Amino acid sequence: MPDTSTPEAIVAAAEKIIAAGECAPRLARDPVNQPMINNWVEAIGDTNPIYVDEAAARAAGHPGIVAPPAMAQVWTMFGLNGVRPADDPMGATTELLDEAGFTSVVGTNCEQIYHRYLVPGEQVSVTSRLESITGPKRTGLGDGWFVTFRTSWRVGDELVTEMLFRILKFAPGTAAAPAKPAGERVKPLVSWDTEFFWEGAKLGELRIQKLPDGTLRHPPIPALWKDKSEQTDYVVASGRGTVFSYVVHHAPKVPGRQLPFVVALVELEEGVRMLGELRGIDPAEVEIGLPVRVEFEKLDDEAVLPYWMVNK
Amino acid sequence: MRATAEPTSVQVGATLPELVVHADPTFVISTALATRDFQDVHHDRDKAVARGSKDIFVNILTDTGLVQRFVTDWSGPRAIVKSIALRLGVPLYAGDTLTLTGTVSAVDGDDIHIDVVGRDSLGDHITAKVVMALRGNND
């Protein structure tokens, strides 16, 4: 068996499939028919009367009921137990790329041209050919090949619908690592009034300011009417809380961070609310009331930042 | 360019009424079967998850159908859809909601060009270009 793992070998093998041209025509299982149209318009929710109502179709200028043009492909789908014929170029191309390790597939483009609408009773046949193959390309999903097939539907010899279908056949697990975030993380600005908080973070303590009357405050406030020599009183929080509110930040870019990220306002067990980045969860899954706990990230010897982790 | 379409006067920049489709599992499965697409990822959640998907998801034939429905909902039954070019983006998983929006991007003789975008919670699921014509009373 020839080695098909190099790009040159893949191109050479694909050129043969392209040169082979169209596969033999395959007849639709059933003629265009009203029951399949009825199922389709019901499922899609399409209320255009020209597909179901003879008088409405005539009023719209058609000779009678017509099939939805977007059903073109439906008539020749293989069905539950259908088998792709041996000369089908999609089968051959898939096999070629599977063998070379490009085993995953995702559709990227589908262009349909409707030369005319079909009418019930007509039975289409379908042919397809490999139009082009380009690659290997580095994509977000992995290294892969873009493969384009051209499919034609005919009634007798008359071309009624054409389709270009492009897929990406890619090797799973070969996606490039996400780019490093640009720029450096912004470090906290430490002031006289917040120094106790940041000193606590270095020790892995989440400190909440305690006022002379015993109440807790966050963010810390400066007007305590204490002598500068006296330190701010604080309690060390348990670090547990729940999401009180949050925002998913998609844009603009933030130095040192991957987008999107979640900023959560967490209500701590001690009753105060505190902002921080929430990690360990898909941004789409974040909910109000989600239990979280504090963790700390060391940026350098001077700066340690608390952030929230989902408490599972 | 001029608008010759009848009976409706169609202007470049006109926006189509939004179409919101909630893709619950019944929608995903019934459209897959109505398009004779029996691939397991469109009706069998366990198999879809085993293949790396979050859930079952809407198939491409349904997307083409939804775009066709979206433009003819606006234009009425006299429309002749000539082509639909779809670019596929993020998946539309069961439980998500798709919102289709559209704008007339060009009117070229009888051809009305419409740009359509279908968004779900993950981003752009469909980016499509449709060409249609409206049958006049003489057709």
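Every chain is numbered from 1 and lettered A, B, ... according to where its sequence line falls, protein lines coming before strand lines. Predicted, not measured: the structure shown is a model, and the values here were computed from it.
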Task: Value rounded to 0.5 Å, distance of CD1 in A/Ile167 from CH2 in A/Trp145 - done: 13.0 Å
TODO: Measure distances from B/Thr64 to the heavy atoms of chain A and classify the residue's part below 4.5 Å as side chain, backbone, both or neither.
DONE: both
TODO: Identify which part of B/Asp37 has an atom lying under 4.5 Å from any heavy atom of chain A, answering side chain, backbone, both or neither.
DONE: both
- [ ] Work out which heavy atom in A/Tyr117 is nearest to a heavy atom in B/Val81; give both atom names and the distance.
- [x] OH-N, 2.7 Å
- [ ] Quick one: list whatever passes side chain to side chain donor-acceptor pair (under 3.5 Å) with A/Glu158, sequence neighbours left out.
- [x] A/Arg116
TODO: Find out whether B/Val67 and B/Val130 are in side-chain contact, i.e. whether some heavy atom of one side chain is under 4.5 Å from a heavy atom of the other.
DONE: yes
Task: Top contributor to chain A interface from B/Thr31, B/Leu61, B/Thr127 [non-hydrogen pairs under 4.5 Å] - done: B/Leu61
TODO: Output every pair passing ring pair (Phe, Tyr, Trp, His ring centres under 6.0 Å) with a member in residues 15-41 of chain B, not counting sequence neighbours, ordered by first then second residue.
DONE: none
Open item on the list: Going by side chain to side chain donor-acceptor pair (under 3.5 Å), name the residues that satisfy it together with A/Arg29, two or more places apart in sequence or in a different chain.
Closed with: none
Task: Shortest non-hydrogen separation from B/Trp74 to B/Pro17 and the atoms involved - done: CD1-CD, 3.5 Å
TODO: Return the option, out of A/Val74, A/Val66, A/Val106, with the maximum number of heavy-atom pairs under 4.5 Å with chain B.
DONE: A/Val74
Task: Atom of A/Pro63, atom of A/Arg58 and distance for their closest heavy-atom approach - done: O-NH1, 2.8 Å
Task: Residues in residues 34-51 of chain A near chain B [non-hydrogen atoms, under 4.5 Å] - done: A/Met36, A/Asn39, A/Trp40, A/Ala43, A/Ile44, A/Gly45, A/Asp46, A/Thr47, A/Asn48, A/Pro49, A/Ile50, A/Tyr51
Open item on the list: A quick test of your reading: do over 12 heavy atoms of other residues, nucleotides or ligands sit less than 6.0 Å from CZ of A/Arg279?
Closed with: yes
TODO: Can you tell which part of B/Leu66 gets under 4.5 Å to a heavy atom of chain A, answering side chain, backbone, both or neither?
DONE: both
Task: Note, A/Val243 side chain near A/Glu287 side chain (heavy atom, < 4.5 Å) - done: no
Open item on the list: At a 4.5 Å cut-off on heavy atoms, which part of A/Ala72 comes close to chain B: side chain, backbone, both, or neither?
Closed with: neither
Task: Interchain contact, A/Phe78 with chain B, by part (heavy-atom threshold 4.5 Å) - done: backbone
Task: Contact winner vs chain A - B/Ile29, B/Ile80, B/Thr62, B/Asp73, heavy-atom pairs under 4.5 Å - done: B/Ile80
Open item on the list: With chain B as the partner, which of A/His62, A/His115, A/Gln112 has the greatest number of non-hydrogen pairs under 4.5 Å?
Closed with: A/Gln112
- [ ] Determine whether the side chains of A/Arg154 and A/Ser125 contain a donor N or O and an acceptor N or O closer than 3.5 Å.
- [x] no
Open item on the list: I'd like to know which of B/Gly89, B/Ala128, B/Gly65 tops the heavy-atom pair count under 4.5 Å against chain A.
Closed with: B/Gly65
TODO: Please state whether the side chain, the backbone, both or neither of B/Ala32 comes within less than 4.5 Å of a heavy atom of chain A.
DONE: neither
